[in-house]
Amino acid sequence: MAESNQKSNQKSNQKIIAVMHRNPSVTIKELQEYTGLSESGVKKIIRQLRAEGIITRVGGAKGGHWEINNS
């Protein structure tokens with residue numbers, strides 16, 4: 001069970017990164033629509049991606065954008 005959750009989390013992470021790559025100004029609401037996740041689910045994934053250094057928020061909540069950090 002944990003393995004399938006991990007795989008679905010990985011897919012959700014990849015979806016969010018792909019959307020941010022295409023549209024750096026994407027909102028949480030738009031990410032919910034693209035992924036089918038709840039607001040808290042999207043925010044949790046964003047927290048994880050930020051903690052891992054994969055994404056960075058540049059600017060404020062209204063006028064900012066996401067940057068994908070290349071390893």
Side-chain angles (χ1 to χ4, degrees):
M1 181 78 162
E3 189 176 319
S4 69
N5 283 345
Q6 189 176 9
K7 283 183 182 178
S8 68
N9 286 348
Q10 205 169 24
K11 278 186 180 180
S12 296
N13 292 4
Q14 290 170 347
K15 277 185 191 177
I16 287 176
I17 291 168
V19 172
M20 287 178 173
H21 188 69
R22 286 193 306 269
N23 178 9
S25 300
V26 69
T27 64
I28 300 285
K29 191 101 174 134
E30 290 170 332
L31 287 171
Q32 283 180 253
E33 292 170 11
Y34 286 120
T35 61
L37 297 171
S38 65
E39 180 179 353
S40 60
V42 170
K43 287 181 176 181
K44 179 181 175 187
I45 290 173
I46 288 173
R47 270 195 311 275
Q48 290 171 342
L49 292 173
R50 289 175 89 167
E52 293 171 15
I54 296 171
I55 61 171
T56 307
R57 181 73 181 174
V58 177
K62 296 273 184 189
H65 65 276
W66 295 103
E67 285 187 357
I68 313 301
N69 302 318
N70 296 328
S71 314

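Heavy atoms only: backbone and side chains are in, while hydrogens, waters and symmetry mates are out. No experiment lies behind these values; they were computed from the predicted model shown.
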Residue set satisfying side chain to side chain contact (heavy atoms under 4.5 Å, CB included) with I17, at least two apart, ordered chain then number -> L49, I54, I68
Could you give all pairs that pass the side chain to side chain donor-acceptor pair (under 3.5 Å) test and reach residues 38-48, with sequence neighbours left out?
-> S38-S40, E39-K43
Within-4.5 Å side-chain heavy-atom neighbours: I16 and I55 = no
Please list all pairs passing the side chain to side chain donor-acceptor pair (under 3.5 Å) test where one or both residues lie in residues 13-26, with sequence neighbours left out.
-> none
Which side chain to side chain donor-acceptor pair (under 3.5 Å) pairs, counting each pair once, include a residue from residues 50-66, with sequence neighbours left out?
-> T56-N69, H65-E67
Is there side-chain contact between M20 and L31, with heavy atoms separated by less than 4.5 Å?
-> yes
